[in-house]
Amino acid sequence: MIRPALALAAALVATAAPAQAGEVYAGVGLPGVLVGYAHSLSPTITVRGDFATLGSRSERSNEEGITYDTKASFSRTGLFADWFVAGGGFRLTGGVTFNRLKADMHARGDGTNFQIGDVSVPSSAADRLDVKIEYPKVTPYLGIGYGHQPDSGWGFVADLGASIGKAKVSETHSGPNFSLVSQAEVDKEMAEVRDNVAKFKAIPQITVGVNYRF
């Protein structure tokens with residue numbers, strides 16, 4: 001996904017203005033490690049594109065009495081425009097991010113009782129409950145920051161902002177015991193998961209890094 005996004009940013013630069021200072025940059029924080037390219041259209045406007053990733057991780061967690069094996073992964077590509085409102089390094093940033101942020105949660109029967117909604121259900125090795133949490137693939141971005149102004153040489157960059165969007169929760173369940181649980185009880189269980197996810201209405205960005213202008 002990074003290649004078409006950066007190609008689009010380069011095309012916007014080529015058609016919008018004569019060549020100004022180009023820049024490569026890298027940073028760390030949330031959402032992970034990032035690399036990008038920026039180009040100044042004027043002393044007050046810079047456009048850029050970058051790719052960030054946290055990679056993937058697996059862990060075991062307990063949600064409302066059910067033990068899940070969870071695998072989460074996150075990466076995103078962003079296209080941004082920076083406006084240097086005061087003529088210095090401080091800027092306002094707007095743009096769009098293309099996200100791959102999801103978590104797959106798998107619960108497997110182990111012979112014990114599982115609490116699903118308000119009922120306790122015996123489980124077998126053939127019983128399974130799978131939950132997927134996924135943020136929107138495309139979200140608007142708003143933020144503030146420092147850096148990417150049209151100077152030459154090395155510099156410092158920082159960003160504080162968020163991609164705005166809420167996650168969607170879906171589930172499937174199967175097996176000789178879990179398939180007998182009413183959908184109403186499963187919906188109660190999922191409501192508890194959704195309540196936890198609903199606390200996060202945006203994907204934050206808090207990053208610091210360095211850039212080099214040429």
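What you see below is based on every heavy atom in this structure, not just the backbone, and it leaves out hydrogens, waters and symmetry mates.
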Do NZ/NE/NH1/NH2 and the carboxylate oxygens of [X] and [Y] come within less than 4.0 Å?
X      : Y      : value
Asp187 : Arg194 : no
Asp110 : Arg108 : no
Lys71  : Asp104 : no

Is there a continuous path of hydrophobic side-chain contacts, each under 4.5 Å between heavy atoms, that joins [X] to [Y]?
X      : Y      : answer
Val197 : Leu129 : yes
Leu34  : Phe74  : no
Met190 : Val181 : yes

Donor-acceptor pair, [X] side chain versus [Y] backbone, under 3.5 Å?
X      : Y      : answer
Asn196 : Val193 : no
Glu189 : Gly117 : yes
Asn211 : Gly155 : yes

Is there a side-chain contact between [X] and [Y], using heavy atoms and a 4.5 Å cut-off?
X      : Y      : answer
Ser163 : Pro140 : no
Val169 : Val131 : yes
Thr77  : Thr97  : no
Ile203 : Leu101 : yes
Phe84  : Ile45  : no
Val138 : Val96  : yes
Ile133 : Met105 : yes
Tyr25  : Val210 : no

Is it true that the side chains of [X] and [Y] contain a donor and an acceptor less than 3.5 Å apart?
X      : Y      : answer
Thr44  : Arg91  : no
Asn177 : Ser123 : no
Tyr135 : Arg100 : no
Thr53  : Ser75  : no
Asp50  : Tyr37  : no
Thr207 : Gln205 : yes
His106 : Asp69  : no

Minimum heavy-atom distance [X]-[Y], with the two atoms named:
X      : Y      : result
Ala202 : Ile164 : CB-CA, 4.1 Å
Ser40  : Thr46  : OG-OG1, 3.5 Å
Gly22  : His39  : CA-ND1, 3.9 Å
Ser179 : His173 : CA-CD2, 4.3 Å
Leu54  : Gly32  : CD2-CA, 3.4 Å
Asn113 : Pro122 : OD1-CA, 3.4 Å

Between Ser174 and Asp127, does a side-chain hydrogen bond (donor to acceptor under 3.5 Å, both in side chains) hold up when you go through it step by step? CA-CA 6 Å; Ser174 60; Asp127 291 306; over 6 Å; no
Listing, residues 142-149 side-chain donor-acceptor contacts under 3.5 Å, not counting sequence neighbours, or none:
unit_1, atom_1, unit_2, atom_2, d
His148, ND1, Glu23, OE1, 3.3
His148, ND1, Glu23, OE2, 2.5

Side chain to side chain contact (heavy atoms under 4.5 Å, CB included) between Phe214 and Val24, intermediate numbers included: CA-CA 9 Å; Phe214 47 87; Val24 291; 4.2 Å; yes
So how far is it from Phe51 CZ to Arg76 CZ, rounded to the nearest 0.5 Å? 9.0 Å
Working to the nearest 0.5 angstrom, can you tell me the gap between Thr172 OG1 and Asp130 CG? 4.5 Å
Could you give me the CA-CA distance, side-chain angles and deciding distance for Asp82 and Arg48, then say whether side chain to side chain contact (heavy atoms under 4.5 Å, CB included) is met? CA-CA 8 Å; Asp82 298 323; Arg48 55 190 174 89; 2.7 Å; yes
On the 0 to 90° scale, with breaks at 30° and 60°, tag the Tyr141-Phe80 ring pair as parallel, tilted or perpendicular. perpendicular
With sequence neighbours excluded, what pairs up with Asp118 under the side-chain contact (heavy atoms from CB on, under 4.5 Å) test? Glu185, Lys188
Taking only residues two or more places apart in sequence or in another chain, which ones pass side-chain contact (heavy atoms from CB on, under 4.5 Å) with Val85?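 Val85: side-chain contact (heavy atoms from CB on, under 4.5 Å) contacts with Trp83, Phe90, Leu92.
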